[in-house]
Amino acid sequence: METVTTIEALRRRVAPWRREGRRIGLVPTMGSLHEGHLRLVDAATAGADRVVATVFVNPLQFRPGEDFERYPRDLEADRALLTARGADLLYAPSGTEMYPVPPIISVDPGALGSRWEGAVRPGHFAGVLTVVAKLLHQVGPDLACFGQKDIQQATLIRRMVAELDWPLAVLVVPTVREADGLALSSRNRFLSAADRVEALALSGSLTAAQAAFRSGERTARGIEQVVRSEFAKHPAVAPDYVAVVEPDRLEPVPLVDDRTVVAVAARVGSTRLIDNVILGRSLG
Ligand code: AMP
């Protein structure tokens, strides 16, 4: 697997694939890769002939005081994992390659950008959509893969691509979890041993929501109460929000069905974690 760090080298590498009629798959990441990211590589490999993975910690999506500086970075380990998983090309641009001048243009995520995660992290999704727009134009994939774990991000990217008529497919891949249910995240390494136990409040509350749905609960209020009462058993975990929403715009619904999304965010110690489920599916 070759590594490129400039747009020019990236395009030089991808152009012949396109000329040969190969389908190109893209997996954008911020690095510090784990099995969740690698499952996106698998999904891209299944749906495309050549897979480009990108590693770029995007400063635009961090607010001052968030963890941009301490965000884990380990490009050599990422390279080894991507090579072993069969990715064809790693694109790891520098900050100045991506933003040679301070940008004045950004992609507006609309009202959904300031809800849920966006309410806690103003400007975050404009930063995400802007860098994803750039990556999509730099690579020109036929397929781009994102994780369900970041469901609001995946929803906004899907909408951006559909509403702006970009010619590619967006695939959302189910969340990969530890055996005990904790969703894999690059930020899990910041959890102390005690926090690691408390963090199970997220997946535990979502499992309880699915169980309540299977037992016949159909009101969003009832589902939210189940989630909140699970969180109440973990006083060290501070939930930011419990969203019971439909899957297309993530708007609250009064009644739930098997497509309804339940999404939570919570602070565990100094680490902020997110997770979600679709009520009618397995935990994934
Ligand atoms: P990140 O590097 O955290 O920006 O994540 C890059 C991509 O990996 C995003 O599309 C995430 O949604 C996805 N991802 C992160 N964690 C997981 C997970 N546990 N399962 C599936 N996908 C994930």
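Positions are given from 1 along the sequence. Just so you know, ligand 1 is whichever comes first in the structure, and atom 1 is the first atom listed for that ligand.
Contacts with ligand 1 closer than 4.0 Å are made by side-chain heavy atoms of Tyr71 only, the backbone lying farther away. Contact annotation for Gln153 and ligand 1: only side-chain heavy atoms (C-beta onward) come within less than 4.0 Å of the ligand. Counting heavy atoms under 4.0 Å from ligand 1, residue His34 touches it through the side chain alone. Contacts between Pro174 and ligand 1 below 4.0 angstrom, taking non-hydrogen atoms only, involve the backbone exclusively. At a heavy-atom cutoff of 4.0 Å, ligand 1 is contacted by the backbone of Pro28 but not by its side chain.
Considering only non-hydrogen atoms, atom 8 (O) of ligand 1 lies nearest to Leu40 out of Leu40, Thr29, Asn58, Val27.
Considering backbone and side-chain atoms together, His37 places an N or O closer than 3.5 Å to an N or O of ligand 1. Here's the thing with Ala183: none of its N/O atoms is less than 3.5 angstrom from an N/O atom of ligand 1. Considering backbone and side-chain atoms together, Val173 places no N or O closer than 3.5 Å to any N or O of ligand 1. The shortest N or O to N or O distance between Phe146 and ligand 1 is not under 3.5 Å.
In this structure, Arg70 is positioned above the aromatic face of Phe190, its NZ or CZ under 6.0 Å from the six-membered ring centre and within 45° of the axis. Annotation: cation-pi pair Arg73/Phe56 absent, no NZ/CZ under 6.0 Å from the ring centroid and within 45° of its normal.
Residue Arg189 comes nearest to Pro72 through the heavy atom pair NH1-CB, 3.7 Å, listed as atom of the first residue, atom of the second, then distance.
Using modelled atom types, no side-chain atom of Asp275 and backbone atom of Ala201 make a donor-acceptor pair closer than 3.5 Å. Counting only distance, with no hydrogens or angles, the side chain of Glu224 and the backbone of Val226 share no donor-acceptor pair below 3.5 Å. Of the possible polar contacts, one joining the Gln210 side chain to the Arg281 backbone as a donor-acceptor pair under 3.5 Å is found. Side-chain N or O atoms of Glu246 include one that pairs as donor or acceptor with a backbone N or O of Asp248 at under 3.5 Å.
Salt bridge present: Glu117 and Arg272 bring a charged side-chain N and a carboxylate O closer than 4.0 Å.
With hydrogens left out, the protein atom closest to atom 20 (N) of ligand 1 is Val176 N, 2.9 Å, a heavy atom. Of all protein heavy atoms, the one lying nearest to atom 12 (O) of ligand 1 is Asp150 OD2, 2.6 Å. When hydrogens are left out, the protein atom nearest atom 4 (O) of ligand 1 is Met30 CG, 3.6 Å; that is the closest non-hydrogen contact. In this structure, atom 22 (N) of ligand 1 lies nearest to the protein heavy atom Gly147 CA, 3.5 Å.
Following chains of ILVMFWY side-chain contacts shorter than 4.5 Å, one cannot reach Val55 starting from Leu135, and the two form parts of different hydrophobic clusters.
For ligand 1, the atoms closer than 4.0 angstrom to any heavy atom of Leu184 are 16 (N), 17 (C), 18 (C), 19 (N).
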Pairs of donor and acceptor atoms involving the side chains of residues 137-147, under 3.5 Å and at least two apart or interchain, shall be tabulated with distances.
from	atom 1	to	atom 2	distance (Å)
His137	ND1	Ala133	O	2.9
Gln138	OE1	Tyr91	OH	2.9
Asp142	OD2	Ile24	N	2.7

